[in-house]
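Working notes for the structure below.
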Number of protein chains: 2
Amino acid sequence: MTPPPGTTVTPKGQQRAQRFLDAALEVFTEQGFEAASVNEVVRRAGGSLATLYKLFGSKEGLFIAVIERRAMSVFEPIQDALANDLLPHDGLTRFGRRLLDFLLEPEALALYRLVLNDLHRHPELARRFLDSGPFRTLGELADYLAHQVALKRLVIDDCRLAAGEFTGMLIGDLHIQIMVGQVPTLSRAERLRRVDSAVRRFLTSA
Amino acid sequence: MTPPPGTTVTPKGQQRAQRFLDAALEVFTEQGFEAASVNEVVRRAGGSLATLYKLFGSKEGLFIAVIERRAMSVFEPIQDALANDLLPHDGLTRFGRRLLDFLLEPEALALYRLVLNDLHRHPELARRFLDSGPFRTLGELADYLAHQVALKRLVIDDCRLAAGEFTGMLIGDLHIQIMVGQVPTLSRAERLRRVDSAVRRFLTSA
DNA sequence: AAAAAAACGTAGCATACGCTACACTTTTTG
DNA sequence: CAAAAAGTGTAGCGTATGCTACGTTTTTTT
């Protein structure tokens, strides 16, 4: 939370924008885009409505700014799980655990749901989100798989398709439950079991 | 569209309710719950706003009625694909094709998105939807798998988990794309290839 | 065909929202 | 320290919504 001490002090304007963005993230994730009130954002962030509008132009502009700043990089911790020197079993297990942890963490979950609920009205933004988020993650998993194929550790025809299948197996029906708000409480043991099952199934078929 | 000739003529009131429900389905799927206007529903259905409110009580009541009538049974064609005497390869292939066809058909798609977008505000309804929709479908797939296991045609430890994994493989990353409105155009050949891949992967690991 | 019930349609209430205007205060800058 | 720029708070406009009231018309029932 404290700014890095080496950098020059952020101009006041930047701080204001930050506080607006933080509050907007809260309000948007709690209420969704339509139900969220700009006045509520100002109420939480401090500052004034006029300033917010000077910075972001509109409610939509505020929403876009929020998504750009946070949602785009929300998948990054998952991608970091993959290193080409890891054996398939280990790499996939690490990847799987992080993916499930991410999907079930309330904070990331709320943002995820916000994006899925409200991004369909902004096609360009949706495409960019897909490219820098889920698709990029899938791409990196596909690259990892391709590398393992090159090392003769796996036999896979279409690595991109296989990547989708593996993540699909991991997630299974969690997706639907999450979207309708019925997020299941999965114990750590259950998550691990799920990951192990998907990894085993994937490896014995590749 | 024409009512079955054997039945007694539906009372006028029922017809009114039907037209309201049909129009509401249209408007809700086009605009989502929040953005939809009750007046727009009346404009399309004919009749009067007062009558609609006498029938359904509120906008929310109208929404619930729409979901109850249509969304609950939207998964049924998929379940019909499974017959216990089918060999695993054939049963899973049939099931997979219907699932993909359903997920990519615009009409069902719109309803599906409506449900996922707006059902999280109605927890009881959400649970009932899950139970009579996706969960029931998964349950029937699990039963089919269990039957095949009993026939020594498959080896599966947890059939319910396996059912989720299979459908997850089929859907892969389609779910996210659908939710953000970037529905891919999958040719029939691509869909079949996807199904074949998932079936092969599933069977070689079971 | 008369009486009872239901449907109609318009008009409007109450409310909440996104957004702007404006007079005022605080902060930055030369 | 003074001029200029940026920020603040309030008040309100325009609009759209969900919903109700009510006098009239249509449909149903006997």
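So that the names make sense, note that chain A is the first sequence line, chain B the second, and so on, each numbered from 1. Because only heavy atoms are used, hydrogens play no part in the values below, and waters and symmetry mates are left out as well, while side chains stay in. All values reported here derive from a predicted model rather than from experimental measurement.
Checked against C/dG18, D/dT8, D/dC19, the side chain of A/Y53 finds its nearest nucleotide in C/dG18. Taking only side-chain atoms of A/L49, from C-beta outward, the nucleotide of D/dG7, C/dT20, D/dC19 with the closest atom is C/dT20. Distances from the side chain of B/K59 to the nucleotides C/dC8, C/dC17, D/dC19 place D/dC19 closest. Among the nucleotides D/dG7, C/dC8, C/dC19, the one closest to the side chain of A/S58 is C/dC19. Taking only side-chain atoms of A/T51, from C-beta outward, the nucleotide of C/dG9, C/dG18, D/dG7 with the closest atom is D/dG7.
Between A/R16 and D/dT8 there is a side-chain polar atom (N or O) within less than 4.0 angstrom of OP1 or OP2.
Under the 6.0 Å distance and 45° angle rule, B/R160 counts as a cation-pi partner of B/F135.
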Checklist entry - Going through the distances and angles, do B/D101 and B/R194 end up as a salt bridge (charged side-chain N to carboxylate O under 4.0 Å, His left out)? => result CA-CA 12 Å; B/D101 287 348; B/R194 213 179 167 98; over 6 Å; no

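B/A35 comes within contact range of no nucleotide atom at all, as no heavy-atom separation falls under 4.0 Å. Within 4.0 Å of A/S37, counting heavy atoms only, lie sugar-phosphate atoms of the nucleic acid but no base atom.
Heavy-atom nearest nucleotides on DNA chain C were determined for A/N39 and for B/N39, and the one closer to the 5' end corresponds to B/N39.
Distance B/Q15 CD to C/dA6 P: 17 Å, rounded to the nearest Å. Across the protein-nucleic acid pair, B/L52 atom CG and C/dA6 atom C1' stand 15 Å apart, rounded to whole Å. For the pair B/R43 CZ and C/dC8 P, the interatomic distance rounds to 16 Å; values are reported in whole Å. Counting to the nearest Å, the C1' atom of C/dC19 and the CZ atom of A/F56 are 16 Å from each other.
Side-chain contact between A/F129 and A/L125: absent, with no pair of heavy atoms (C-beta onward) separated by less than 4.5 Å.
No donor-acceptor contact under 3.5 angstrom links the side chains of A/E76 and A/S73, judged on distance only.
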